[in-house]
Chemist: 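Here it is, the structure in full.
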Amino acid sequence: MHFSTVDYVIFVVLLVASAGIGLYYAFSGGCQRTTQEFLLADRSMRCLPVSLSLLATFQSAVAILGAPAEIYTHGTQYWFLGCSYFLGLLIPAHIFIPVFYRLHLSSTYQYLELRFSKSVRICGTVTFIFQMVITGFDLWGAVLAMGLVCTLYTALGGLKAVIWTDVFQTIVMFAGQLAVIIVGTHQAGGIAEVWKKAQNGSRISGLDLNPDPLERHTFWTLGVGGVFLMLALYGVNQAQVQRYLSSRTEKEAIMSCYVVFPCQQIVLTMGCLMGLVMYARYGEESPLDQGYVKSNDQMVLYFVMDVLQDLPGLPGLFVACLFSGALSTISSAFNSLATVTMEDLIKPHVSPMTEARATLLSKMLALGYGLVCLAMAYIASLMGSVLQAALSIFGMVGGPLLGLFCLGMFFPWANSTGALVGLLSGLVMAFWIGIGSFLSRMSASAPPVINATVIPDVGNMTTAVMTTLITSKPRPSGVQALYSLSYMWYSAHNSATVVVVGLLVSFLTGPSKEKELNPGTIYPVLGNLLFFLPQRYREKLCCVTPLDDKPKVMELQPYQMAQKESNGVAYTKEDDELREEEGEQKTAQPTCNLAHTVQETAL
């Protein structure tokens, strides 16, 4: 099984097209001369490309390979993850996006300074950089082969090039997966035969309502625990929020969440179908058991080459699909890493710099992160199941970040000390459980218990001895139970740790007062939930609408004084409405800069 000339041509076309899109946006329009254009696409993107870009970032090479392998090995229980998409996108659309968009941020971690302090912002930024470096890069061979192409169009074309290449790569991903499913189903004898074989092999899973959080996959771990994973990804992750902020209006940013929801369901269903088609072809004699591959995740590639070997061009299409997933994930990571480094770590501590210099430095950062993360890819290739490994690490690091933003947005009395201690506690707890779980699995290699059962043979009145292996293990207790927690609960557990510890420390060190809060940084969810309390008690809990529509001056960073005076204007919801009516971009781009007034709007 090998590539034909047509396969190589299709693969090269993908790389050339991706690089071409980057070069086009590098030398068209504003030629990426400002950080606003390079990092935020000049806040001019419409709903559809933003939605497809959000989907492409989610549908990485990890998902393309990991989901079918998961279905083949464990059955369709994983499909219930789709139940988490509803709240996982509805909450960001109506809570996180309005807060971030109306503050007109460039980096989500600017919010942490507005809400808490500069130190909290820096800690959040460093945590995000660590998260993206260790989770954004998988599939060593793929990354090595096209890493330079990805770095090229990201460093030259900026976020606009990243989004439009995501659109192109999303189409390629759909086409590649659909081709494999159609051909594989036909060779297996049709969809009815595929379903029958999957049922006979116990690969069609029912609704498992077992509430045990130690069970790897149940409805609760996937449908509820998955919500927190989605919130960490689509609510507060810089790579996704940066796309929301690039939208022309707040309304289009919100609509992008609604558009991506059905697309995600389609992608998940396609992954499940591919896994079922794999099972219909191989049954219990998997390529892994036969020694053809070394891990579950390699089975998908083997299956594709096996099914499509007599159809020139289709293997190349699927590999192009796989590489598109990797390209979209990596380019998003490069651009978001460059953004947070520039906005959160360099500009606040460097004397005012010109736009040209800041833009050049942003491009160099994107290039530098590209080269550094190519080296990190090899380490990722040494891990086990790429799907579980990626989701586990994302939950370990993304969970505490989600908790930090929830602490600031939903609990007005939380202070900066509580935020710092809460984040640190969440990270310590996350890695304690994660590393403990890994070591427990490594040490759990005791030989199985042999049980001899005597069964009478009625036919010849002889006795046969059936030897069975008992694989059931006693339920873990104590610390071992914590180590056995399903990886799908990592985000929920770690974010809850940050919130609980953060609130306790805030109360012990003196909770924030209402007058200390910046407008627009609080979402009054507690005020709505505790409406039955008397007004004076709600005021003590800071549950009233923040600052009661009173303006407050936000003192921000010295580096922003290099901006033009025309940029230091108030940003209100009316700006969006006017921009929508006129159908054109605002001439004055308001930013969180200088000491300007931000009028708090009802959320």
Chemist: Give a yes or no answer on whether the side chain of Y111 reaches the backbone of M409 with a donor-acceptor pair at less than 3.5 Å.
Modeler: yes
Chemist: Is the centre of the Y523 ring less than 6.0 Å from the centre of the H94 ring?
Modeler: no
Chemist: Does any donor atom in the side chain of Q238 or T339 lie under 3.5 Å from an acceptor atom in the other side chain?
Modeler: no
Chemist: Without hydrogens or angle criteria, can the side chains of D344 and S107 be said to hold a donor-acceptor pair below 3.5 Å?
Modeler: yes
Chemist: Donor-acceptor check, side chain of R43 to backbone of L245, threshold 3.5 angstrom: yes or no?
Modeler: yes
Chemist: Taking only residues two or more places apart in sequence or in another chain, which ones pass ring pair (Phe, Tyr, Trp, His ring centres under 6.0 Å) with F86?
Modeler: none
Chemist: Is there a donor-acceptor pair under 3.5 Å between the side chain of S495 and the backbone N or O of L402?
Modeler: no
Chemist: Applying ring pair (Phe, Tyr, Trp, His ring centres under 6.0 Å), can you list everything that pairs with Y244, at least two apart in sequence or on another chain?
Modeler: none
Chemist: With rounding to the nearest 0.5 Å, note down the distance linking CE in M255 to SG in C47.
Modeler: 5.5 Å
Chemist: Would you please say whether a donor-acceptor pair under 3.5 Å links the side chains of R243 and S53?
Modeler: yes
Chemist: ring-ring contact (aromatic ring centres under 6.0 Å, His included), that's the test. Do Y109 and F405 meet it? Break it down for me.
Modeler: CA-CA 9 Å; Y109 303 99; F405 281 93; 5.7 Å; yes
Chemist: Go through the steps for Q264 and Y234 under the test side-chain hydrogen bond (donor to acceptor under 3.5 Å, both in side chains), then give the verdict.
Modeler: CA-CA 12 Å; Q264 278 187 330; Y234 282 100; 2.8 Å; yes
